[in-house]
Amino acid sequence: MKRINVAIICFVALILASGRARVAAAEQDVVVVHGPTIVAFFEPVSEKVMEKDAGTNEALSDFQLYARQVRGPLQRRGVEFRELYAPSFRLQDGKRVAQFRPGKVKVGYYFVAPGKKPRIQYGVMTDADILQAANEYFGQAAH
């Protein structure tokens with residue numbers, strides 16, 4: 001038993017010394033919600049998968065294109081647009097912190113605003129679809 005405790009202490013010390021503890025803690029993205037926010041999420045994919053799977057490659061390309069096209073119009077309306085490439089993320093709204101893990105579909109959009117129930121849209125949406133969903137969720141004028 002004593003030998004196991006010493007081994008655990010040495011292992012923890014080694015991780016802390018190498019800086020891996022900070023990296024592990026930073027791996028999960030935290031989105032702080034200050035107002036109307038859209039989190040566009042796409043599960044990370046390796047270069048190997050991208051080379052072998054044309055469908056994933058095309059979906060990611062479209063996802064990034066439409067994200068670039070909506071960022072400016074949404075910002076002008078007071079909607080923060082975040083793009084994450086992570087299997088899950090946390091949202092902090094004031095003191096409340098919620099964990100989000102996508103379902104079977106690992107790409108989509110998480111719409112959130114203080115005082116409103118979040119809305120989740122799965123799949124890659126076009127720029128027009130994202131803006132329409134934002135109008136429906138946030139209203140014509142976000143602020």
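- Of all heavy-atom pairs spanning Pro87 and Pro44, the tightest one is N-CD, 3.8 Å.
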- What do the steps show when you test Asp93 against Leu91 for side-chain contact (heavy atoms from CB on, under 4.5 Å), and what is the final call? CA-CA 6 Å; Asp93 184 0; Leu91 290 108; over 6 Å; no
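- Looking at Arg77 and Asn135, their side chains come closer than 4.5 Å, going by heavy atoms from C-beta outward.
- Residues Val97 and Leu84 fall into different hydrophobic clusters, defined by Ile, Leu, Val, Met, Phe, Trp and Tyr side chains chained together at heavy-atom separations under 4.5 Å.
- Ring geometry for Phe63 against Tyr85 counts as perpendicular: the plane angle is over 60°, on a 0 to 90° scale with 30° as the lower cut.
- Here the side chain of Ser61 pairs no donor or acceptor atom with the backbone of Ala59 at under 3.5 angstrom.
- Atom CD of Glu83 and atom CG of Asp29 lie 11.5 Å apart (nearest 0.5 Å).
- Closest non-hydrogen pair, Pro114 versus Pro36, comes out as CD-N, 4.3 Å.
- A donor and an acceptor atom, one from each side chain of Gln92 and Arg90, are nowhere located under 3.5 Å apart.
- Atoms OG1 and NZ, on Thr56 and Lys106 in that order, are 13.5 Å from each other to the nearest 0.5 Å.
- The distance from atom CZ of Phe89 to atom CD of Gln99, rounded to the nearest 0.5 Å, is 9.0 Å.
- Residues Val31 and Phe100 fail the side-chain proximity criterion, which asks for heavy atoms closer than 4.5 Å.
- Interatomic distance, Thr37 OG1 to Phe138 CZ, rounded to the nearest 0.5 Å: 6.5 Å.
- Counting only distance, with no hydrogens or angles, the side chain of Tyr109 and the backbone of Ile130 share no donor-acceptor pair below 3.5 Å.
- Between Tyr137 and Lys116, the closest side-chain pair of non-hydrogen atoms falls below 4.5 Å.
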- Item | Check against side-chain contact (heavy atoms from CB on, under 4.5 Å), Val107 and Glu43 | CA-CA 6 Å; Val107 58; Glu43 186 175 51; over 6 Å; no
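- In terms of modelled atom types and a separation under 3.5 Å, the side chain of Gln69 and the main chain of Arg71 share no donor-acceptor contact.
- Residue Gly123 comes nearest to Val105 through the heavy atom pair N-CG1, 3.9 Å, listed as atom of the first residue, atom of the second, then distance.
- Within the 4.5 Å cutoff, no side-chain heavy atoms of Phe111 are placed close to those of Val79.
- Going from atom CG of Asp127 over to atom CG of Leu74 covers 10.0 Å, rounded to the nearest 0.5 Å.
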- Query: Stepwise, does the side-chain contact (heavy atoms from CB on, under 4.5 Å) test hold for Met125 with Tyr66?
  - Reply: CA-CA 8 Å; Met125 296 172 68; Tyr66 299 134; over 6 Å; no
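- Between the CZ atom of Phe42 and the CG atom of Asp62 there is a distance of 9.5 Å, given to the nearest 0.5 Å.
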